[in-house]
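To keep things clear, I will list the structure first and then write my remarks on it.
Computed from heavy atoms alone, side chains included, the values below leave out hydrogens, waters and symmetry copies. Lettering of chains follows the sequences in order, A, B, ..., and the numbering in each one begins at 1.
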2 protein chains.
Amino acid sequence: MGNATVHDVARIAQVGLATVDRVLNNRGNVSAKTVAKVQAAVAQTGYVRNLAAANLARQRVYRLCFVIPAGETGFIASLLHAIEAQRAALIEDQVLVHIVQTRAFDVAGQVAALRGLDCDAVAIMVSEAPDIQDEVARLRSAGVHVLTFVADLPRSDREAYVGIDNVAAGRLAGDFMGRFLHGAGPVLMVAGSLAARDHNERMMGFRQVMQERFASLPLLPAMEGADDAATVERLVLEAAQAQALGGIYAIGAGNRGLVAALRNMAQRPVTIVHELTPTSRNALRDGLFDLVLDQDCTAATATAIKIMRDLIEGREIPAEAGKIRLNIHSRENI
Amino acid sequence: MGNATVHDVARIAQVGLATVDRVLNNRGNVSAKTVAKVQAAVAQTGYVRNLAAANLARQRVYRLCFVIPAGETGFIASLLHAIEAQRAALIEDQVLVHIVQTRAFDVAGQVAALRGLDCDAVAIMVSEAPDIQDEVARLRSAGVHVLTFVADLPRSDREAYVGIDNVAAGRLAGDFMGRFLHGAGPVLMVAGSLAARDHNERMMGFRQVMQERFASLPLLPAMEGADDAATVERLVLEAAQAQALGGIYAIGAGNRGLVAALRNMAQRPVTIVHELTPTSRNALRDGLFDLVLDQDCTAATATAIKIMRDLIEGREIPAEAGKIRLNIHSRENI
DNA sequence: GGCTTTTTGAGGCACGTCAATCATTTTAAT
DNA sequence: ATTAAAATGATTGACGTGCCTCAAAAAGCC
């Protein structure tokens, strides 16, 4: 069954081993007739290359890289943890994963990080800026496979995006917000930065659903908390003092500040946030948060690594391959 | 870095290659002192076995098997599809996946299927019965690694369970049901079979939350639809005729029947179901279903395969490894 | 026919590990 | 001290593919 080797193919096709090798690896200088003979033999024997032997022979080492923001947000910590957890199994497979951390929102620093890369494929979680798109193009032309991670750069040369559909996530949050909010009361949106594509897309999705289906609920202008706990706390408390809030949708990081603000508010709004971390987990348990939308970091990193390997091997990447499912956590399933 | 070989280890430890091999593969007949020397050299060089070379040398072929119910439910189809989608990449890695389908709820047939297995590891989705637990024990003692899949057999000898936490899924469904159901109206639960552990656990979780937090909502006795569309349709319509339903929690298969019933009901109850299939996807879009709880088949099969390989390699399996996250789909994110 | 160019075959080395044999040394038992 | 048992080293041959060289055969061209 799965045990035909190049030798079998050569014997069946009545050609030499070298010719089989030339055909299988597109080395050229083989007549069309011979190519057909070999391909027929491959089909007949059901030959499939033995990847282990191939990698051994060519001394293949997969040099992968993740470029992700620095900072101690719980989400980044989860990502790092997920990568570390897989590392042991990966080195046995000759996969070396290197992690580069850059300051969030610091485009120049991110460009510098991309410029200094030395690897076969890279997964990047960076800002959306022309300089960065140029740098992606340069990497691609230098033969490095590039995929975007968590935050997409749809207009760049990236070969794949691994992460959730942020518009859908925002829409889902809007749906739940509308259905949970029995009374009226305005809804506040707190993003990290509306210039960040992921946050912006979530906001758009949320706003779409609120307008389409829950138009009676007033939507306050979105605020930017810069992924900073103190800023988020201040913004939320100010908004709550201006008028009683019915709901809060926290689009990005800074959940610690949100928790602090909620503890100081008389009336508890329906609160939907992103990213399952110790902070948000505790807040769920204490009844401060109602829902946490979360992308599974383990799945995200595992998928990114798999796609990078597939890209290096030249395999087809289905369009859906990088899609990470969105998980929802309430107090009942943490 | 990742390039130390057994030769390096032997040189550093000042022992022979054969001795290094004996230590690394626990072949015995090595003195404690020598073992320590080798281990020190391994630590010093950072030696990690090259799995490709190892598998090549020992002609390793991973013979894996899935034992899952037959039948054309959408969920089973998704499972099969997910396995097929991975098959191409797997054979390059010398992983042969065989699928055995058994009649659902047919214990004797499942036992026979388990008895006829010839593989290194198997993932089973079967009924919970003493005969099956015995058969699992027999497989284990015959050196076959066994993990349960989608439905657990916690009292058996299985080495891992890959699937969602069904109690948590039921609790989550209960939480949403309570929050969506503004008015009163009784809630109907339709399971496939309450003897099936997964359905039973979901029901328990659902019931717990409803009693703890939404005690004012009456809960009708759970019905068994045997995963059969016609039966489900009949049961639901009968219940709806007896009294107007506020909500329906469909615990198992048979969603097609539920859709048919909903189309014939004057008042649309809040409907929460399991498994994202074409049927449930369309029902979501048409507003017949409110939520679909779903375990990601691709993730489940991929995880099961990975764990089977890890078991065969003798690697540690973290307790959490088999945990599949629960996805939630509403009309807004399909 | 003589010439060049393309195509093909044969062979070998390398990759790192496993698995086995056989000879030798060390250690333990009597 | 003798013998048995255990421990160790040295060596070798796979495993299947990639990649290279060299020579031979076939095809194309004038």
Side-chain angles (χ1 to χ4, degrees), chain A residues 1-42 45-62 91-96 120 312-314, chain B residues 1-42 45-62 91-96 312-315:
Chain A
M1 271 303 149
N3 43 13
T5 75
V6 276
H7 296 84
D8 301 322
V9 174
R11 190 167 34 76
I12 304 266
Q14 294 178 296
V15 301
L17 262 179
T19 302
V20 174
D21 180 53
R22 282 187 271 256
V23 173
L24 291 180
N25 297 294
N26 307 308
R27 296 193 209 282
N29 282 337
V30 184
S31 70
K33 204 181 65 181
T34 312
V35 169
K37 270 203 297 186
V38 172
Q39 285 172 341
V42 167
T45 57
Y47 166 79
V48 179
R49 174 180 69 154
N50 182 329
L51 228 208
N55 283 348
L56 182 59
R58 63 183 139 164
Q59 291 263 81
R60 159 80 84 210
V61 176
Y62 300 93
I91 27 187
E92 270 207 343
D93 280 334
Q94 310 300 110
V95 177
L96 303 180
D120 305 312
I312 293 172
E313 288 299 332
Chain B
M1 274 303 151
N3 43 14
T5 75
V6 276
H7 297 84
D8 301 321
V9 174
R11 190 167 34 76
I12 303 266
Q14 293 178 300
V15 301
L17 263 177
T19 303
V20 173
D21 179 58
R22 282 188 271 255
V23 173
L24 292 179
N25 297 295
N26 308 308
R27 297 191 209 283
N29 283 335
V30 184
S31 71
K33 204 181 65 181
T34 311
V35 169
K37 271 204 296 185
V38 172
Q39 284 172 342
V42 167
T45 56
Y47 165 80
V48 179
R49 174 180 68 155
N50 182 329
L51 228 207
N55 283 349
L56 182 59
R58 63 183 139 165
Q59 292 265 81
R60 160 80 84 210
V61 176
Y62 299 92
I91 35 184
E92 270 206 344
D93 280 334
Q94 310 299 111
V95 178
L96 303 179
I312 292 172
E313 288 299 331
R315 281 199 266 255

Sequence-aligned protein contact record of nucleotides 7-26 of chain D, with B where the base is within under 4.0 Å of a protein heavy atom and S where only the sugar-phosphate is: SBBB----BBBSB-------
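- Formation of a donor-acceptor pair under 3.5 Å by the B:N25 side chain with backbone atoms of B:D21 is found in this model.
- Atom CG of B:N55 sits about 5.0 Å away from atom CZ of B:R58, to the nearest 0.5 Å.
- For the side chain to side chain contact (heavy atoms under 4.5 Å, CB included) with A:T19, the qualifying choice from A:V30, A:N29, A:V9 is A:V30, the only one to do so.
- The neighbour count for A:E313 CD, taken as heavy atoms of other residues, nucleotides or ligands under 6.0 Å away, is above 12.
- A distance-only check finds a donor-acceptor pair linking the side chain of A:D8 to the backbone of A:T5 [under 3.5 Å].
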